[in-house]
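Since the structure is predicted, the reported quantities are computational estimates derived from the model, not experimental observations. Just follow the structure's listing: the first ligand is 1, and inside any ligand the first atom is 1.
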Amino acid sequence: MVRRGRPDPVSVPDNDDNREREETVSENPDVTGQRIILHADMDCFYAAVEMHDHPQYAGKPVVVGADPQGETGRGVVSTCSYEARAFGVRSAMPISQAYRLCPDAIFVRPDMARYVQASEDIMEILRSSGFRFQQVSIDEAFLDVSPTGSFCAAQKRAEELKHQIRTQCGITCSLGIAPTKIVAKIASDFHKPDGLTVVGPGEVPAFLAPLPVRRIPGIGGKTETELHALGIQTIGDLAAYDVQALIAHFGRSSVVLHEAAHGIDESEVVESDGIKSISKETTFGQDTSDTGEIVATMEALIGEVHRSLTAENLYFKTVTVRVRNEEFVTITKAKSLPHYHNDEATIRACAQGLLRELYCGRKIRRLGLRLSGLKKQDARQQTLFCD
Ligand code: TTP
Ligand code: MG
């Protein structure tokens, strides 16, 4: 089977990466009818770009994020090199904790313009491969490599793409090849860094079964804890769990979770020729009126939409917050700004203001954030444009 070969929302995934696009899905060109999907994810992306640009950092613990200011800095780790991960440093960890774990690391402030440029160069290699292409974040994309005709041929093509990215962009990536998008994504994360994992159609159950449930994209710490409480440790445990019992515990959205555990995912790789909006939503594991949890969840959504916005090199004008309460009543409120923006602080100010206006003390089931009124800006252009 395998040759060589994580966002943390608080809840069950229900296809939260909802960037609305003008989509065209063509007929699957694979004559055998067998879908072969490739997922590519760059290794420690921001840190890898820093190590490429500063060869003196190579092989050292590099932490990209806020200024640690000794041990007193506020803010979090964006990412870190695998050398820093050996000390326990992780994305989203407080920078002060990262400093305590690895005071000798090289701490670097993020240079988003540079990462967007590197992302564009990498995505161009993948886009021009000739396969149907879908970028899903600043450092990951799917290709529908069904036209290669076999998993063996797809693996060969994947090796070539890895080589091209390494030689042209100077960074490594990990690739997964599988019959569905979800399994390809889990496979790309299987052997990191610099991995290539191929999971053939008959190998999906054996590949997934021993993996911890956390490996399913979208399962965060809270859902993981609740699954553990039900005795579900591995993806195999989840696949074998009675789906009705799962629904009773987590609600209907857990059907997606159960299907993921079986490797079922019929979604296609969709080309896009224009993003109309970027939206992210989270369903809470349990309906909640805990303002701390609600604000923290909104903060996670802000970070996610901002990363997508940056990855696509877009500016926005409208922010919309969507709240679905425990009675399944959904209310939305939007704010349109006079000028285009692309910074996280503006998203935060709008989103928090809208959330304050919408929140009436009722328990919340689902929270969403959407950016629209989008406009493209050249990554190399530095000035902010107005209407
Ligand atoms: P990831 O692909 O999740 O992480 P990574 O590429 O750094 O590491 P891995 O080898 O495990 O794939 O995210 C891509 C980039 O997004 C990452 O380099 C920095 C940014 N990011 C944040 O800013 N904050 C976060 O919490 C996460 C998870 C990522
Ligand atoms: Mg990555």
Please indicate whether any nitrogen or oxygen in Val77 is less than 3.5 Å from any nitrogen or oxygen in ligand 1. no
Applying a strict 4.0 Å limit to heavy atoms, is Arg85 in contact with ligand 1? yes
The Mg ion (ligand 2) and Asp139: any N/O/S contact shorter than 2.8 Å? yes
Is the ring pair Phe190/Phe207 parallel, tilted or perpendicular, if the boundaries are 30 and 60 degrees? perpendicular
Quickly, which of Leu354, Leu355, Val321 forms a side chain to side chain contact (heavy atoms under 4.5 Å, CB included) with Leu369? Name it, please. Val321
Check whether the side chains of Arg85 and Thr79 place a donor and an acceptor atom closer than 3.5 Å, and report yes or no. yes
Would you say the Mg ion (ligand 2) has Asp43 as a near neighbour, meaning an N/O/S atom of that residue under 2.8 Å away? no
Of all the atoms in ligand 1, which lie at a distance below 4.0 Å from a heavy atom belonging to Asp43? 10 (O)
Which of the numbered atoms in ligand 1 are below 4.0 angstrom from a heavy atom of Met42? 6 (O), 9 (P), 10 (O), 12 (O)
Does Glu160 pair with Arg157 as a salt bridge, N-O distance under 4.0 Å? yes
Heteroatom distance test (Phe45, ligand 1): nitrogen or oxygen, under 3.5 angstrom: yes
Between the CD atom in Glu266 and the OG1 atom in Thr180, the distance rounded to the nearest 0.5 Å is 10.0 Å
Can you name the atoms of ligand 1, numbered from 1 with element, that are less than 4.0 Å from a heavy atom of Ser91? 25 (C), 26 (O), 27 (C), 28 (C)
Quick check on contacts: which atoms of ligand 1 are under 4.0 angstrom from a heavy atom of Asp41? 2 (O), 12 (O)
Compute the minimum heavy-atom distance from Pro193 to ligand 1 and say whether it is under 4.0 Å. no
Once rounded to 10 degrees, what value does the angle at the Mg ion (ligand 2) take between OD1 (Asp41) and O (Met42)? 80°
Is there a heavy atom in Tyr82 that sits closer than 4.0 Å to ligand 1? yes
Show the nearest heavy-atom pair for residues Gln352 and Glu299, with the distance to one decimal. NE2-OE1, 3.8 Å
Looking at Lys335 and Glu357, is any side-chain nitrogen of the basic one under 4.0 Å from a carboxylate oxygen of the acidic one? no
With a 4.0 Å cut-off on N to O distance, would you call Asp144 and Arg35 a salt bridge? no
